[in-house]
Each structure stands twice: as C-alpha cells, then as structure tokens.
Asks: 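A single structure is presented below for examination.
Lettering of chains follows the sequences in order, A, B, ..., and the numbering in each one begins at 1. Treat the numbers as computed from the prediction; the structure is a model and nothing was measured.
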Amino acid sequence: MRKSLVASLTLLVSLLWASLALAAEPAAGGASAAGLGSFFSYAVLAAGFGIGIAAFGTGIGQGLAVKSSVEGIARNPEASGKITVTMLIGLAMIESLCIYALVVALIILYAYPMAKPIAVFLGFKM
Amino acid sequence: MDLMSPRHLKIANLVVLALLVAAAFLWQGWEFALGVLVGGLVAVINFHLLHRTLKGTLERVGANPEEVKGQAQAFFAARQLLRFAALVVIIYLLVRHGWVNIFGLLVGLSTVVITLILAGINELLKLKNKEANPSHGTSHSLS
C-alpha cells in the first residue's frame, strides 16, 4: 500500500515537472510558435509515455505467462505440447498490444495526420 | 481440422492475410492493400519466430531443467530482444519514410490477432457442439 502510494506520488510529481518544463516556452517566438512547440512537445511526451506503459504491461503479462507455462511443463512434461500452443497464442495476443502501441507512438512522432491542420490552424504556412 | 496447432495456425494466418489483402485491394486500392500485405507479413513472420523461440527454449528446459535453466533464460531473452529490435527497426522505417499506408499497416499487423480470435471462436463452437453431442467435438477443455 505504502509502496504504491509512493509510486503514485512520484509519477504525479514527474508529470507536474514535465508540464512546468513544457509551459516554459520562449516568448520571442510568438504565440503561434509557442502553441505549435507545446503541441509537439506534448505529442513527444504522449508517444514516450504510451510506449513505456505498453512495454511495462507487456513485460509483466509475458513474464507471468511464461512463468506459469514453465511451471506447468515442469509439473507435467507430457502436457508440454498443449501448454506451448496455449502460451504461443497468449504471447502473440499480448505482444500485438505492444506492437499497436509502438505503431501509434511512431505515427504520433513521424506521421501524425493532424499535424498539418493544427499547424495551419495556429497560423503557419505549410 | 484442428486449428489449435502451430502449423495450422500459421497456414490460417496466411489465408487470413490473403483475404485481408484481397478485401483491402477491392475496398481501397493497391496502396492500402500494399500496407496490409507488408503489415501482415511482418506479423506472420513475427509469429513464426516467436514459435521457434518458444520451441527452442522449452526443448532446452525439457531436456534437463536444473542444469540448463540459466542457459534457456538467456536464450529466450536474447531471441526476444533481437526479434523485437528488428520489428522496431522495420516498423520505424515503414512509418518514418511513409513507404506504405499507415492504416493498412495497422490492419495488416492485426492479421495474427484476427486469426487467433477466429480460432478461438472455432474452438468455442466445437465445445458447444460437444456439449450438444458428446461423441464429437474438440479435444481441448475450457478449464
């Protein structure tokens, strides 16, 4: 309980610091440059946190699946065929979630379809 | 046909991929279909390599559990990391340079998931049939 409270508070403080750092835009660039800068900063942050959280969940999920499967095979080696297939299916399903998060993070970073409309909205000529 | 075997799952993956590419070509044209094809091939090859890694690891563990435990762990971790790094590089290049349609790529990457869901539904229907008629049905139980 105490550990999870400390972890939650740490995450909260990290996010607050990140938002403060992102809010400190240089004034010389004008309002639209600041808006675009903060938009892309938040996009980078979202991509980083997105893939980080996905990898965290995938790691835990795959670790638990492999642990249970290996324990099952050690107890009953004859069932290794069925356990392997079930684990293969489970791991593929879990891993696909992380691959989706990776693709979405890369889309946010490199191929975000709304980047041009947002830049035009903020007054940039594209 | 027992879909719940690695060989049949791999064949089913290719069949689903072919159907998806054909549907994508008819629905959105060749650019979208190319995205589906590339994403699907990435997913299918990834599934194949995952199977090989698991098979290799469990064969090492099964031979002599205590002696090769660390060796099997290192083998699994190294293969997993290599596979995922290769996947990241391929998807990065595809997305960064815009070589294929992004949404087609996402649909293609879902090939394995779609196949597994279809295989699951198939097994569920077999179980239902088995409950209705105990002399037929799947060899797998729900528990």
Side-chain angles (χ1 to χ4, degrees), chain A residues 43-44 47-48 50-52 54-116, chain B residues 2-10 13 39 42-44 46-48 50-55 57-59 61-63 65-66 69 72-73 76-77 80 83-84 87-88 91-98 101-103 105-106 108-117 119-120 123 139-141:
Chain A
V44 171
I51 191 65
F56 180 74
T58 303
I60 290 176
Q62 290 202 340
L64 286 174
V66 173
K67 174 181 170 282
S68 305
S69 303
V70 172
E71 279 176 2
I73 291 171
R75 275 201 205 103
N76 187 7
E78 286 174 5
S80 109
K82 278 186 182 177
I83 291 174
T84 309
V85 174
T86 311
M87 178 164 62
L88 176 69
I89 291 170
L91 290 187
M93 294 291 264
I94 295 167
E95 199 174 273
S96 65
L97 298 176
C98 193
I99 295 171
Y100 289 144
L102 172 73
V103 174
V104 170
L106 289 173
I107 287 173
I108 289 174
L109 288 176
Y110 298 112
Y112 188 53
M114 292 303 288
K116 275 188 185 174
Chain B
D2 180 21
L3 259 183
M4 295 305 229
S5 73
R7 189 167 170 271
H8 287 146
L9 278 175
K10 285 175 193 172
N13 274 334
V42 168
V44 169
N46 187 45
F47 184 76
H48 176 74
L50 176 66
H51 176 232
R52 282 187 60 178
T53 307
L54 275 179
K55 206 174 154 191
T57 309
L58 292 175
E59 275 171 2
V61 173
E66 288 307 315
K69 193 179 166 190
Q73 279 175 349
F76 184 72
Q80 283 280 91
R83 193 168 51 80
F84 205 74
L87 192 71
V88 168
I91 294 178
Y92 168 78
L93 290 174
L94 290 173
V95 174
R96 178 76 180 90
H97 297 289
N101 185 296
I102 300 289
F103 298 104
L105 185 74
L106 275 173
L109 286 170
S110 308
T111 304
V112 173
V113 177
I114 293 169
T115 309
L116 293 179
I117 289 170
E123 284 296 306
S139 56
H140 298 273
S141 65

Asks: Over all heavy atoms of both residues, which pair between S96(A) and V113(B) is shortest? Give the atoms and the distance, please.
Replies: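 Taking every non-hydrogen atom into account, OG-CG2, 3.3 Å.
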
Asks: Mind ranking L116(B), L106(B), V112(B) by heavy-atom pairs under 4.5 Å with chain A and telling me who comes out on top?
Replies: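 Sorted descending by pairs with chain A, the first entry is L116(B).
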
Asks: For the atom pair CG (L94(B)) and OH (Y110(A)), what is the distance rounded to the nearest 0.5 Å?
Replies: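 Rounded to the nearest 0.5 Å, the CG-OH separation comes to 13.5 Å.
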
Asks: Under the side chain to side chain contact (heavy atoms under 4.5 Å, CB included) rule, what do I99(A) and N46(B) come out as? Steps first, then yes or no, please.
Replies: CA-CA 11 Å; I99(A) 295 171; N46(B) 187 45; 3.7 Å; yes

Asks: Could you look at V42(B) and say if it's the side chain, the backbone, both or neither that has a heavy atom under 4.5 Å from chain A?
Replies: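 Neither part, no heavy atoms under 4.5 Å.
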
Asks: Passes side chain to side chain contact (heavy atoms under 4.5 Å, CB included), M93(A) versus I117(B)? Steps please.
Replies: CA-CA 9 Å; M93(A) 294 291 264; I117(B) 289 170; 4.2 Å; yes

Asks: Contact between I89(A) and L9(B) at the side-chain level, heavy atoms closer than 4.5 Å - yes or no?
Replies: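 Result yes, sub-4.5 Å side-chain heavy-atom pair found.
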
Asks: Name the region of T53(B), side chain, backbone, both or neither, that has any atom closer than 4.5 Å to a heavy atom of chain A.
Replies: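 For T53(B), neither part sits under 4.5 Å from chain A.
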
Asks: Working to the nearest 0.5 angstrom, can you tell me the gap between L102(A) CG and L109(B) CG?
Replies: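 Result: 9.0 Å between the selected atoms.
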
Asks: Tell me, for L91(A) versus chain B, whether the close heavy atoms (under 4.5 Å) come from the side chain, the backbone, both or neither.
Replies: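 Both backbone and side chain.
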
Asks: Quick one: what part of V104(A) sits under 4.5 Å from any heavy atom of chain B, side chain, backbone, both or neither?
Replies: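 For V104(A), no heavy atom lies under 4.5 Å from chain B.
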
Asks: For a side-chain contact (heavy atoms from CB on, under 4.5 Å) with Y92(B), tell me which candidate from V103(A), L106(A), L109(A) qualifies.
Replies: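 In the set V103(A), L106(A), L109(A), the residue that makes a side-chain contact (heavy atoms from CB on, under 4.5 Å) with Y92(B) is L106(A).
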
Asks: For F103(B), is the CZ atom crowded, meaning more than 12 foreign heavy atoms sit under 6.0 Å from it?
Replies: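 At most 12 heavy atoms, drawn from other residues, nucleotides or ligands, come within 6.0 Å of this atom.
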
Asks: For the residue pair M87(A) and L54(B), what are the closest heavy atoms and their distance?
Replies: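 Minimum heavy-atom contact is CE-CD2, 3.4 Å.
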
